[in-house]
Q: 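Next up is a structure, given as structure tokens.
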Amino acid sequence: MAEAWIEVNLDAVAANYREAVKLLQQGSRCLAVVKADGYGLGAVEVARVLEESGCEAFAVTTVEEGLVLREHGIKGIILVLGPSTRPDWPAALGSGLQLSISDLARVSELDELAGGMGIQAEIQLKLETGMGRTGFIPSELEELAGLLLQARNLSVTGVYTHFARAGQRDHKYTQNQYALFVEGVSRLASAGIQPRWKHVCNSAAFLDFPDWHLDFVRLGTLLIGHLPGAGFAGRLPLQDPWAAKCRVLAVRRVAKGTYVGYQSIYRTQKETQLAVIPVGYADGFGVEPRLIPQGWFDLLKIVIKNVALMFGLVLGQEKILLRGRTVRIAGKIGMQLTVLDVGLGECRFGDEVLISLRRASANPRILRLYRREGRIFAERRLKEGFSRVDQEYPNSLKEAEARMRG
Ligand SMILES: *Cc1c(COP(=O)(O)O)cnc(C)c1O
């Protein structure tokens, strides 16, 4: 009996893809972002169903993620968005991944390596326009073009940038980023570099700026069934592919006034039943990203949430459902166990509980069950194993570093 599992409905992912491509401008294509293990759903499974649905291009953050897709038969374009280093390049080029280049020093290094392998490496250029993360800044573009013109073994398939505030109502910052991108592309063109594809949109910009769909739009959030923010409600019908479930592993009737959990922050208000479920913050349960207030009203909401916590009340959480009833978390969430106050209604050992679990934070070791065309057809279970990394410990930190650099 599985004690905790996640059901992923791949039909919903395919349906979200079909809805999204309906909004594509002519000539543009979807580059499906399946980073972070497909936002927790499973990168391979999500990419497969998208490829079956006609998607021709995928993006991940790391080379390793890209290799996993190739090893599992994904044939489309695979773009690695994050910066990569030399030890990862031979495998990446051997598998036909397209690497993002965002650093002048990497250009000739990669050119030389590709030459040594006797191949043309396909690369995409990342421009920095306001995200403050990776990419070429405007003053580097002439030198970049010079290096690329000399490179014999690099073929530039694309140029792109990433928006920092695309989901915001105020579009000024994003428009400025776009203007910087257009300017960067034209500077590259006058210096003799004209990449085949251009792309700028993530999910939010895809919805808000149809004129900027260009050759590709990079969609992640929408495909896994989320809107990029509250302001996008009703913009397109999305289906939620995700359901996290677990079973009641213990249930006990307790008297009014019983303390529950660490620090005893929760005390039962009347006679009730306490049910224990096998999930906790090590599974990503109850783990929320740090809330940064976007204004005074937001700050007030965060303060109220925290005051409520002092009294053992967890506010703003999505519902926890047991036999169709909403139940609440009692006390602090533990590392791998959580207690629910389920009242006096029926509750038995083994009962199914629907919990809310943030996709990208859900522990990958939780069993995933995949649904397609109405039936569960596959499961994925990760086991921890040990593998020998090296014959012996390196003698010094310097030596270890040298090995890492390859
Ligand atoms: C994650 C990511 C995306 C996808 O963003 P969503 O908002 O999830 O659609 C697109 N581009 C880059 C560079 C990303 O890192």
Side-chain angles (χ1 to χ4, degrees), residues 12-13 16-17 19-21 23-24 28-43 46-47 50 55 57-66 69 76-84 97-103 123-136 157-169 171 173-174 177-178 180-181 184 195 197-210 212-233 235-236 238 240-242 289 358-362:
V13 175
N16 294 338
Y17 174 78
E19 289 298 332
V21 294
L23 301 180
L24 271 177
S28 181
R29 289 189 278 170
C30 171
L31 181 87
V33 180
V34 293
K35 64 190 178 191
D37 196 23
Y39 294 62
L41 275 66
V46 168
L50 292 174
C55 183
F58 303 88
V60 289
T61 304
T62 66
V63 166
E64 193 183 359
E65 291 177 319
L69 293 183
I77 295 163
I78 299 176
L79 170 63
V80 177
L81 298 165
S84 58
L97 307 186
Q98 301 197 5
L99 297 172
S100 292
I101 296 292
S102 52
D103 182 348
I123 59 166
Q124 300 211 18
L125 308 176
K126 172 83 187 286
L127 304 192
E128 161 56 28
T129 58
M131 183 70 168
R133 210 159 65 177
T134 57
F136 295 102
T157 59
V159 57
Y160 71 99
T161 195
H162 193 33
F163 293 136
R165 306 193 202 170
Q168 281 185 0
R169 209 162 303 166
H171 287 165
Y173 193 86
T174 310
Q177 276 199 269
Y178 186 67
L180 284 173
F181 176 74
W197 303 315
K198 295 185 267 300
H199 46 103
V200 294
C201 289
N202 56 4
S203 290
F206 163 70
L207 293 174
D208 270 352
F209 303 99
W212 303 350
H213 286 183
L214 309 179
D215 299 293
F216 284 102
V217 295
R218 304 186 305 267
L219 305 184
T221 302
L222 286 181
L223 300 179
I224 61 142
H226 275 179
L227 288 167
F232 293 90
R235 295 287 288 278
L236 80 169
L238 293 176
D240 189 356
W242 176 268
R358 270 181 69 79
R359 290 144 216 244
S361 323

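When a ligand or atom number is given, it counts from 1 through the structure's own listing order.
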Q: I'd like a table of the close N/O pairs between ligand 1 and the protein (anything under 3.5 Å), one pair per line with both atom names and the distance.
A:
unit_1: ligand 1; atom_1: 7 (O); unit_2: Thr221; atom_2: OG1; d: 3.4
unit_1: ligand 1; atom_1: 8 (O); unit_2: Tyr39; atom_2: OH; d: 2.6
unit_1: ligand 1; atom_1: 8 (O); unit_2: Thr221; atom_2: N; d: 2.9
unit_1: ligand 1; atom_1: 8 (O); unit_2: Thr221; atom_2: OG1; d: 2.5
unit_1: ligand 1; atom_1: 9 (O); unit_2: Ser203; atom_2: N; d: 3.0
unit_1: ligand 1; atom_1: 9 (O); unit_2: Ser203; atom_2: OG; d: 2.5
unit_1: ligand 1; atom_1: 9 (O); unit_2: Gly220; atom_2: N; d: 2.9
unit_1: ligand 1; atom_1: 9 (O); unit_2: Thr221; atom_2: N; d: 3.4
unit_1: ligand 1; atom_1: 11 (N); unit_2: Arg218; atom_2: NE; d: 2.8
unit_1: ligand 1; atom_1: 11 (N); unit_2: Arg218; atom_2: NH2; d: 3.4
unit_1: ligand 1; atom_1: 15 (O); unit_2: Lys35; atom_2: NZ; d: 2.8

Q: For Asp215, check salt bridge (charged side-chain N to carboxylate O under 4.0 Å, His left out) against everything at least two apart and list the hits.
A: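 Asp215: no salt bridge (charged side-chain N to carboxylate O under 4.0 Å, His left out) contacts found.
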Q: Could you tell me whether the side chain of Leu222 reaches within less than 4.5 Å of the side chain of Leu227, counting heavy atoms only?
A: yes
Q: Can you find a heavy atom in the side chain of Leu238 that is under 4.5 Å from one in the side chain of Asp240?
A: no
Q: The criterion is side-chain contact (heavy atoms from CB on, under 4.5 Å); which residues satisfy it with Ala205, sequence neighbours excluded?
A: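 For Ala205 the side-chain contact (heavy atoms from CB on, under 4.5 Å) partners, ignoring immediate neighbours, are Phe163, Ala166, Cys201, Asn202, Phe209.
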Q: Under 3.5 Å, is there a donor-acceptor pair between the Lys126 and Thr134 side chains?
A: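 Yes, Thr134 and Lys126 have a side-chain donor paired with an acceptor closer than 3.5 Å.
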Q: With sequence neighbours excluded, what pairs up with Arg29 under the salt bridge (charged side-chain N to carboxylate O under 4.0 Å, His left out) test?
A: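 Glu56.
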